[in-house]
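One structure is given below, encoded as structure tokens.
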Amino acid sequence: MSLPVARITPVTQPLVGRVTLPGSKSVTNRALLVAGMARGTSRLTGILRSDDTHYMMTALRAMGVGITELDETTVEVTGTGTLHAAEEPLFLGNAGTATRFLTAAVALVDGTTIVSGDEHMQKRPIAPLLDTLQAMGVDASSDTGCPPVTVRGTGTFQSGEIEVSGKLSSQYISAIMMLAAMGDGETRITITGGQIGAVGYLHITAAVMRAFGATVEFPSDSEIIVAPGGYTATDYHVEPDASAATYLWAAEKLTGGRIDIGVAPEDMNQPDAKAYDIIAAFPQMPAEIDGSQMQDAIPTLAVLAAFNHTPVRFTGIENLRVKECDRIDAVHKGLTAIHEGLATVEGDDLIVNGSLALAGQARNSISLIDSHADHRIAMSFALAALHLPGVTIEDPDCVSKTFPDYWEVLRGLGVEVNITQP
Ligand SMILES: O=C(O)C1=C[C@@H](OP(=O)(O)O)[C@@H](O)[C@H](O)C1
Ligand SMILES: C=C(OP(=O)(O)O)C(=O)O
């Protein structure tokens with residue numbers, strides 16, 4: 001089946017302009033869920049409207065949560081203090097946050113819930129989260145270790161001491177944290193499986209929980225204590241999305257432009273805000289970048305590294321293999337489609353052999369980039385197209401997962417983006 005493609009004309013001018021970023025996906029899906037588990041009405045402003053948040057809202061509505069859309073970025077969420085049985089399976093597309101967070105949250109349902117996703121989600125592991133739920137007395141199972149998951153809930157679960165492995169995904173831990181506040185007693189979580197990537201996501205989880213009245217403490221790097229008591233409805237503002245910001249920071253740097261995104265990186269609490277300093281160092285990016293604490297920014301940084309003065313090795317990125325696609329492989333293939341030898345993979349490390357001269361070099365005249373249905377692959381390779389003729393992005397519509405206006409935003413900055421249907 002052939003897919004739509006985006007053809008981008010290389011820019012001849014620095015990109016200059018103002019952009020309104022979408023709200024943070026991570027914060028929006030946490031705030032929607034926590035507000036949905038609270039009793040009463042919360043008003044959420046600045047939210048992201050995209051596939052991932054649509055799936056979360058649809059699932060919450062199916063479980064009895066009232067959600068009224070007041071405008072494009074504002075919703076009122078009315079919860080009853082628990083979740084009710086849905087009539088149909090909860091279909092969550094390829095939204096990792098919605099899938100992992102709801103797999104735990106549906107322990108509150110008195111009845112059976114099926115949590116399902118698309119063909120990509122059905123390859124993304126969830127067994128470590130199911131192991132923890134089972135240890136909490138929740139009957140949660142999957143035939144494959146990936147969604148679909150069946151949870152036969154009784155409306156309650158056991159608090160106390162539990163372990164969660166965050167080796168494959170920190171989302172399992174966030175999921176348990178948000179559920180734990182709905183328990184009858186204190187929950188003491190021990191993180192197993194070694195140091196987790198993107199620990200900042202756990203702090204975002206705690207920040208949203210605290211805003212809704214929960215008590216969360218981190219006595220050490222591997223322990224979290226969550227007090228019982230549920231959530232209190234409140235008004236909450238969602239900050240702009242730091243992962244989305246990385247494309248604009250990189251576009252600004254690559255073209256020597258000035259893009260005002262209305263928020264400084266130090267004012268964002270999401271892990272990917274850390275990518276700003278690396279982007280700012282371009283074209284002298286460091287020789288080695290530990291990507292473990294800014295995983296979603298790696299495709300952006302890797303494409304930028306193709307234009308860096310010196311090679312860059314990305315380490316600590318093994319979890320990229322279980323994101324929307326195998327991102328190490330997808331970035332490697334995309335860069336190779338642009339120029340043979342531009343990237344190599346050693347184990348789970350990605351090495352980008354960048355050089356500014358790339359822009360003038362003989363290379364493939366048409367580089368067809370397979371997005372692998374992954375928004376971050378499509379958005380980051382669009383950056384290469386700002387400089388290189390012939391870079392063509394397959395399946396550009398996949399940006400709807402987290403940044404539906406991405407192509408419009410580029411056009412607003414003067415970039416010629418031509419999307420053609422097959
Ligand atoms: O908790 C979150 O909001 C997220 C955690 C990260 O995933 P993992 O914890 O699976 O690495 C990140 O890649 C994802 O986009 C959002
Ligand atoms: C990994 C991502 O998403 P998720 O895990 O929430 O599907 C992402 O947005 O880059």
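First listed ligand is number 1; within each ligand, the first listed atom is number 1.
- For the residue pair His372 / Glu324, no side-chain donor-acceptor distance below 3.5 Å is found, with atom types taken as modelled.
- Salt-bridge formation is detected for the pair Glu346/Arg313: a Lys NZ or Arg NE/NH1/NH2 atom is positioned less than 4.0 Å from an Asp or Glu carboxylate oxygen.
- When the ring pair (Phe, Tyr, Trp, His ring centres under 6.0 Å) test is applied to Tyr55, the partners found at least two apart in sequence or on another chain are Phe91.
- Under a cut-off of 6.0 angstrom, the local environment of OH in Tyr276 is sparse, with at most 12 non-hydrogen atoms contributed by other residues, nucleotides or ligands.
- In terms of polar-atom proximity, defined here as any N/O pair under 3.5 Å, Thr97 makes no such contact with ligand 1.
- Between Lys25 and Asp241, no side-chain nitrogen of the basic residue sits less than 4.0 Å from a carboxylate oxygen of the acidic one, so the salt-bridge criterion is not met.
- Residue Lys25 has at least one heavy-atom neighbour below 4.0 Å for each of these atoms of ligand 1: 14 (C), 15 (O), 16 (C).
- Atom numbering of ligand 2 starts at 1 in the shown order; those under 4.0 Å from a heavy atom of Lys323 are 1 (C).
- Among the atoms of Arg376, none of the N or O lies under 3.5 angstrom from an N or O of ligand 1.
- Listed by number with element, the atoms of ligand 1 under 4.0 angstrom from any heavy atom of Ser170 are 5 (C), 8 (P), 9 (O).
- Where the criterion is an N or O separation shorter than 3.5 Å, residue side chain and backbone included, Gln295 meets it with respect to ligand 1.
- No side-chain donor from either of Asn308 and Gln284 sits under 3.5 Å from a side-chain acceptor of the other.
- If you look at Met379 next to ligand 2, there are no close heavy atoms at all, none under 4.0 Å.
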Full working for side-chain hydrogen bond (donor to acceptor under 3.5 Å, both in side chains) between Ser292 and Asp290: CA-CA 6 Å; Ser292 62; Asp290 173 0; 2.9 Å; yes
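- The pair Glu69-Arg61 meets the salt-bridge criterion, with a side-chain N (NZ, NE, NH1 or NH2) lying under 4.0 Å from an Asp/Glu carboxylate O.
- At the shortest separation from atom 10 (O) of ligand 1 among protein heavy atoms lies Ser169 OG, 2.6 Å.
- Under 4.0 angstrom from ligand 2, there are no non-hydrogen atoms of Gln295.
- At a 4.0 Å heavy-atom cut-off, ligand 2 touches Ala95 through the backbone alone.
- Each of the atoms 12 (C), 13 (O), 14 (C), 15 (O) of ligand 1 lies under 4.0 Å from some heavy atom of Asp296.
- Using a 4.0 Å cut-off between charged side-chain N and carboxylate O, Arg327 and Asp374 make a salt bridge.
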Derivation of the side-chain hydrogen bond (donor to acceptor under 3.5 Å, both in side chains) call for Thr420 and Arg7: CA-CA 8 Å; Thr420 48; Arg7 291 191 178 80; 3.1 Å; yes
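- Closest protein heavy atom to atom 6 (C) of ligand 1: Tyr201 CE1, 3.6 Å.
- Checked against a 6.0 Å centroid threshold, the rings of His375 and Tyr406 do not count as neighbours.
- Counting heavy atoms closer than 4.0 Å to ligand 2, residue Arg124 contributes side-chain atoms (C-beta onward) but none from N, CA, C or O.
- The contact set between ligand 2 and Asn94, taken as ligand atoms under 4.0 Å from a residue heavy atom, comprises 7 (O).
- You'll find the side chain of Gln293 stays beyond 4.5 Å of the side chain of Pro271, heavy atoms only.
- At under 3.5 Å, a nitrogen or oxygen of Arg30, whether backbone or side chain, sits near a nitrogen or oxygen of ligand 1.
- Polar contact check, Arg100 against ligand 2: no nitrogen or oxygen pair lies under 3.5 Å apart.
- Listed by atom number, the atoms of ligand 1 under 4.0 Å from Ser26 heavy atoms are 2 (C), 3 (O), 16 (C).
- Of the protein's non-hydrogen atoms, Lys323 NZ, 2.6 Å is the one closest to atom 11 (O) of ligand 1.
- For Arg327, the closest heavy-atom approach to ligand 2 falls below 4.0 Å.
- In summary, the aromatic rings of His387 and Phe307 are positioned with their centroids under 6.0 Å apart.
- Contact annotation: for Thr97 versus ligand 2, heavy atoms closer than 4.0 Å belong to both the backbone and the side chain.
- Every N/O-N/O distance between Thr402 and ligand 2 stays at or above 3.5 Å.
- At least one N or O atom of Lys25 sits closer than 3.5 Å to an N or O atom of ligand 2.
- Using 4.0 Å as the threshold, Met121 has no heavy atom nearer than that to any atom of ligand 2.
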